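All of these numbers come straight from a predicted model, not from anything done at the bench. Residue numbering restarts at 1 for every chain, and letters A, B, ... go by the order of the sequence lines.
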Amino acid sequence: MPELPEAEVVRRGLARWATDAVAGALQVHDPRSLRRSPGGAEALRARLEGARLAEPARRGKFLWLPLADADEAVVVHLGMSGQILVDEPGAPDQRHLRLRLPVIAADGAARELRFVDQRIFGGWWLDALHPDDAAGGEPIPATAAHIALDPLHPLFDADAVHARLARRRSTLKRALLDQSLVSGIGNIYADEALWGARLHPERPTERMRRADTRRLMAAVQDVMRRALAVGGTSFDALYVNVDGRSGYFARSLDAYGRTGRPCRRCAEEAVESLIVREPFMNRASHRCPRCQPTPRRRRAASAVAAGAGTVLTSGLRSEGSHPRT
DNA sequence: CTCCGGCCCTGCGCGC
DNA sequence: TGCGCGCAGGGCCGGA
């Protein structure tokens with residue numbers, strides 16, 4: 001269940017069982033889930049057994065279980081299809097069970113933290129925690145040091161994102177999915193936020209104005225908070241919280257997966273405009289062709305080099321309206 | 001530095 | 001019924 005709201009749902013569910021729990025002997029059903037862990041299964045098992053865990057933390061889509069009294073953590077990434085389930089010992093094994101960590105919870109209850117991952121793009125790994133100056137000195141795993149603050153972080157700064165975004169020579173959705181610019185956004189919430197801010201996914205980043213970025217970041221925060229409030233987005237049983245329950249946000253999506261269905265915003269104005277699905281990086285983008293219109297053709301390199309800004313906009317107005325890329 | 005494609009995987013639904 | 005293909009919520013790496 002991969003984007004920020006789903007990862008946060010998992011973190012919260014995990015907090016009850018993992019915080020102040022004592023870990024038992026890790027069982028590795030598929031070592032590929034430990035690909036990124038130095039020393040593999042042996043090293044992780046040795047480090048974990050008998051260790052006390054602290055409150056689970058998260059940045060963007062990265063989760064981690066800090067080890068109490070040490071600057072180390074078990075990082076958990078769900079990848080495309082990962083789940084963390086909390087089960088009672090003896091509960092039937094899940095089909096794609098990869099890792100099993102028995103714990104004694106703070107209240108003395110015996111439980112198992114199970115990592116279930118169909119595609120094995122996710123995994124667990126042991127990592128060192130370092131203070132992150134950009135985040136008030138809070139700890140961050142070394143392998144997540146390049147991950148930017150996410151839109152729900154208290155220190156998140158939309159204007160700082162804008163400063164970096166506007167300097168890029170790229171397009172908007174690509175930038176939104178770049179976890180080193182702003183983290184936690186994946187294909188679903190990118191499409192939703194772009195719809196919310198009425199922006200086209202292929203809009204050149206250099207053409208973003210501060211107000212555009214602010215509106216877009218506000219849209220990201222809004223959609224993520226709404227998704228979080230209802231347990232995240234689940235299309236099927238593959239994406240569930242630690243109790244195995246699905247979230248309900250799929251029914252509230254405005255763009256993602258709504259190909260051929262009416263744009264809800266346009267419908268409010270009594271206009272029918274159908275959501276389109278377009279190829280994007282071996283995946284797809286979903287948008288409303290009416291309220292997220294195709295941007296004007298990108299400025300020529302010479303115009304950019306000349307530092308031309310808003311002065312040019314009126315002159316470009318008559319250019320073709322449907323150029324691609 | 002930035003970018004883009006390829007790759008890491010499994011399973012499902014669809015068309016033939 | 002079977003098979004190949006395209007597609008799915010992510011991220012890392014190497015080469016340009």
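- One atom, CH2 of Trp125(A), and another, C1' of dC8(B), lie 13 Å apart when rounded to the nearest Å.
- For the pair Lys61(A) and dG11(C), the criterion of a side-chain N or O lying under 4.0 Å from OP1 or OP2 is met.
- If you take atom C1' in dG9(C) and the same atom in dC3(B), they sit 23 Å apart, rounded to whole Å.
- Shown here, dC9(B) forms no base pair; nothing in the strands shown gives a Watson-Crick or G-U wobble contact with both key distances under 3.5 Å.
- Applying the Watson-Crick and G-U wobble criteria (two distances, each under 3.5 Å), dT1(C) pairs with nothing in any strand.
- Taking only side-chain atoms of Ile120(A), from C-beta outward, the nucleotide of dC9(B), dC3(B), dA8(C) with the closest atom is dC9(B).
- With rounding to the nearest 0.5 Å, the separation of CZ in Arg11(A) from CD in Glu8(A) is 4.0 Å.
- Distances shown here put every side-chain N or O of Tyr189(A) at or beyond 4.0 Å from the OP1 or OP2 atom of dG9(C).
- Straight-line distance from the CE atom of Met80(A) to the P atom of dG11(C): 10 Å, rounded to whole Å.
- Using a 4.5 Å cut-off between side-chain heavy atoms of Ile, Leu, Val, Met, Phe, Trp and Tyr, with links allowed through other members, Tyr256(A) and Met224(A) fall into the same hydrophobic cluster.
- Here dG9(C) presents its P atom at 15 Å from CG of Leu176(A), a figure rounded to the nearest Å.
- With distances taken from any side-chain atom of Asp236(A) to the nucleotides dG10(C), dG9(C), dA8(C), the minimum falls on dG9(C).
- The distance from atom CG of Asn187(A) to atom C1' of dA8(C) is 10 Å, rounded to the nearest whole Å.
- To the nearest whole angstrom, the two P atoms, one in dC3(C) and one in dC9(B), are 24 Å apart.
- Per the geometry, CG belonging to Leu172(A) stands 16 Å off P belonging to dT2(B), to the nearest Å.
- Listed candidates were dG11(C), dT10(B), dG10(C). Nearest to the side chain of Phe62(A) is dG11(C).
- The nearest heavy atom of DNA chain C to Ala284(A) and to Arg36(A) marks one nucleotide each, and the one closer to the 5' end goes with Ala284(A).
- Using a 4.0 Å heavy-atom distance criterion, Phe249(A) is classed as making no nucleic acid contact.
- The side chain of Gln179(A) places an N or O atom within less than 4.0 Å of a non-bridging phosphate oxygen (OP1 or OP2) of dG11(C).
- Leu165(A) places its CG atom 19 Å from the P atom of dC1(B), with the value rounded to the nearest Å.
- For the atom pair Arg174(A) CZ and Leu172(A) CG, the distance stands at 11.5 Å (nearest 0.5 Å).
- Across the protein-nucleic acid pair, Phe235(A) atom CZ and dA8(C) atom P stand 11 Å apart, rounded to whole Å.
- Of the listed residues (Arg287(A), Arg290(A), Arg265(A)), just one forms a side chain to side chain contact (heavy atoms under 4.5 Å, CB included) with Arg198(A), and that residue is Arg265(A).
- Taking 4.0 angstrom as the limit, Arg174(A) places none of its side-chain polar atoms (N or O) nearer than this to OP1 or OP2 of dT2(B).
- Between Arg277(A) and the phosphate of dA8(C), there is a side-chain N or O to OP1/OP2 separation shorter than 4.0 Å.
- A 3.5 Å limit on both hydrogen-bonding distances identifies dC4(B) as the Watson-Crick or G-U partner of dG14(C).
- If you find the closest nucleotide of DNA chain C to Ile147(A) and to Gln118(A), the one lying nearer the 5' end belongs to Gln118(A).
- Within the 4.0 Å cut-off from OP1 or OP2 of dG10(C), at least one side-chain nitrogen or oxygen of Arg283(A) is found.
- In the set dC9(B), dG11(C), dG9(C), dC9(B) carries the atom at the smallest distance from any side-chain atom of Arg119(A).
- Of the side-chain N and O atoms in His96(A), one or more sit less than 4.0 angstrom from OP1 or OP2 of dG11(B).
- Phe121(A) does not qualify as a stacking partner of the dC9(B) base, lacking a centre-to-centre distance under 5.5 Å together with planes within 30°.
- Under a cut-off of 6.0 angstrom, the local environment of CG in Asp243(A) is crowded, with over 12 non-hydrogen atoms contributed by other residues, nucleotides or ligands.
- Atom CG of Asp30(A) and atom C1' of dG11(B) are 15 Å apart (whole Å).
- Between Arg167(A) and dC1(B), a side-chain N or O to OP1/OP2 separation shorter than 4.0 Å is absent.
- Looking at heavy-atom distances under 4.0 Å, Arg32(A) makes contact with sugar-phosphate atoms alone, never a base.
- Hydrophobic clustering places Met217(A) together with Leu194(A) (ILVMFWY residues linked when any side-chain heavy atoms are closer than 4.5 Å, directly or through intermediates).
- In this model, the phosphate group of dG11(B) is approached by a side-chain N or O of Arg95(A) to a distance below 4.0 Å at OP1 or OP2.
- A side chain to side chain contact (heavy atoms under 4.5 Å, CB included) with Leu85(A) holds for exactly one of Leu97(A), Val242(A), Val116(A); it is Val116(A).
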